[in-house]
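Note that ligands are numbered from 1 as they come in the structure, with each ligand's atoms numbered from 1 the same way.
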Amino acid sequence: MGFQSQIHEALTALERAGLRRSPPTIEGPQGPLVRIAGRTVLCFCSNNYLGLAGHPEIRRAAQAALDEEGAGAGASRLISGTMTAHREAEAALAGFVGQSDAVLFSSGYAANVGALQALVGPEDSVFSDALNHASLIDGCRLSRAEIHVYRHADLEHLEALLASHRPKARRALVLTDSLFSMDGDVAPLRGLAELTRRYDAGLMVDEAHALGVFGPEGRGLAAAEGVQPDLLVGTLGKSFGLAGAFVAASETMVTFLRNRARSFVYSTAPPPMLARAALAALSLVQDADDRRARLFRHAARIRRELRDLGLDVPPGTGPIVPVIIGENRRAMQFSEALLDRGVFVQGIRPPTVAPGSARLRLTAMATHEETQIDRAIEVFTEIVREG
Ligand SMILES: *Cc1c(COP(=O)(O)O)cnc(C)c1O
């Protein structure tokens, strides 16, 4: 069979397994309401938790930077791509999360893969939560470190793994999401900090979904828990409403990453307007206590009312509300029924989540109106009643 036909076959197999993905195209801007195929629908699946994507102050900052500094950085940061905007954004973001320095990456995926590949190698061990984000998993694989997966948020299991495998490893690094992206629950950060101290391991915390949402001024869950990880990963694509990411850490650690993280070294720097927009977003995020209060109120309401409908909503806190459906096709049918009635909620299937745990993943936004949540719950109620 030719290469083209083999891939055609593979795609057909995905289709048969209910795993082919064909996301709708959003026409126009992101927000609580989005246009899909000419129709305005309610959006309950964006990570734009604070509703800042498209905020006028962020747009103004990006436009001004575009006028003054141009559209592209022209090269990798290590060639001629390091610009004032990058350095200012890095300093501000590092200060925000209480670290000495930070390094920008073009995405969270690039940040995690680059950092892990730089920090650990074949003589080392990484200890990774079973529900960590794919970018952490891929970073572990690329690093060729020995990978030990501990049961989700299970400190006893982690300790057992550290006790057996830490001694043989040159370096050891414990990895965790802080707010888990598909389950909406949080990592036991204090326990992880204590264990990593005791076993002389580093701690890397990915705050992609928590930054802007949890902690004083939205500084994240580590800040909320009083934990200082060795490396803190933040993304700008979620609460910040932009794109891009950063790793914040000590000066030594950040300097090392600037030298060795291949996704930083061998990749064109993010456009300066992105760094300027990030600075504008940062000050909005810090000032967003009202938005955070609304976000938590909305999420708590969605959680409670979906549970009251008898749906399987696992315990959690914050803006991510999963509804476990189980079978892939059923999750997608539920999602289609919602969209037919004007509510956009994406279904999540393996390999993003474990087989048999396909789900709807709802997310609240600070900018949802109560009446919009009323409508979403009404639609869920109709679909549940119809079975
Ligand atoms: C979204 C996400 C990433 C990837 O960030 P991008 O900027 O979207 O590439 C990394 N880690 C976690 C935990 C995420 O949820």
shortest atom 13 (C) of ligand 1-to-protein heavy-atom contact is with Asp206 OD2, 3.1 Å
For ligand 1, indicate whether the residue Ser135 contacts it via side chain, backbone, both or neither (heavy-atom separation under 4.0 Å).
side chain
Atom CZ of residue position Arg385 - does it have more than 12 heavy atoms of other residues, nucleotides or ligands inside 6.0 Å?
no
With only distance considered, is Ala208 within less than 3.5 Å of ligand 1 through an N or O on each side?
no
Option among Val345, Leu306, Leu309, Ile348 that satisfies the side chain to side chain contact (heavy atoms under 4.5 Å, CB included) test with Val323
Leu306
Side chain Gln99, main chain Gln228, donor-acceptor under 3.5 Å:
no
Could you list the atoms of ligand 1 found under 4.0 angstrom from a heavy atom of His209?
14 (C), 15 (O)
Which atoms of ligand 1 are found less than 4.0 Å from any heavy atom of Tyr109?
4 (C), 5 (O), 6 (P), 9 (O)
Which bit of Asn112 gets closer than 4.0 Å to ligand 1, counting heavy atoms only: side chain, backbone, both or neither?
side chain
Could you list the atoms of ligand 1 found under 4.0 angstrom from a heavy atom of Ser107?
7 (O), 9 (O)
Phe44 and His368 aromatic ring geometry - parallel, tilted or perpendicular at 30°/60° bounds
parallel
Do His152 and Asp183 pass the side chain to side chain donor-acceptor pair (under 3.5 Å) test, and can you show the C-alpha distance, the side-chain angles, and the key distance before you say yes or no?
CA-CA 11 Å; His152 177 49; Asp183 292 71; 5.8 Å; no
Quick test: of every protein heavy atom, which one is nearest to atom 6 (P) of ligand 1, and how far off is it to 0.1 Å?
Gly108 N, 3.2 Å
Within 4.0 Å of some non-hydrogen atom of Asp177, the atoms of ligand 1 are 13 (C)
Do the charged groups of Arg297 and Glu370 touch, with an N to O distance under 4.0 Å?
yes
Using the rule side chain to side chain contact (heavy atoms under 4.5 Å, CB included), only one of Glu327, Arg21, Gln346 pairs with Met332; which is it?
Gln346
Closest protein heavy atom to atom 1 (C) of ligand 1, given as residue, atom name and distance to 0.1 Å:
Lys238 NZ, 1.5 Å
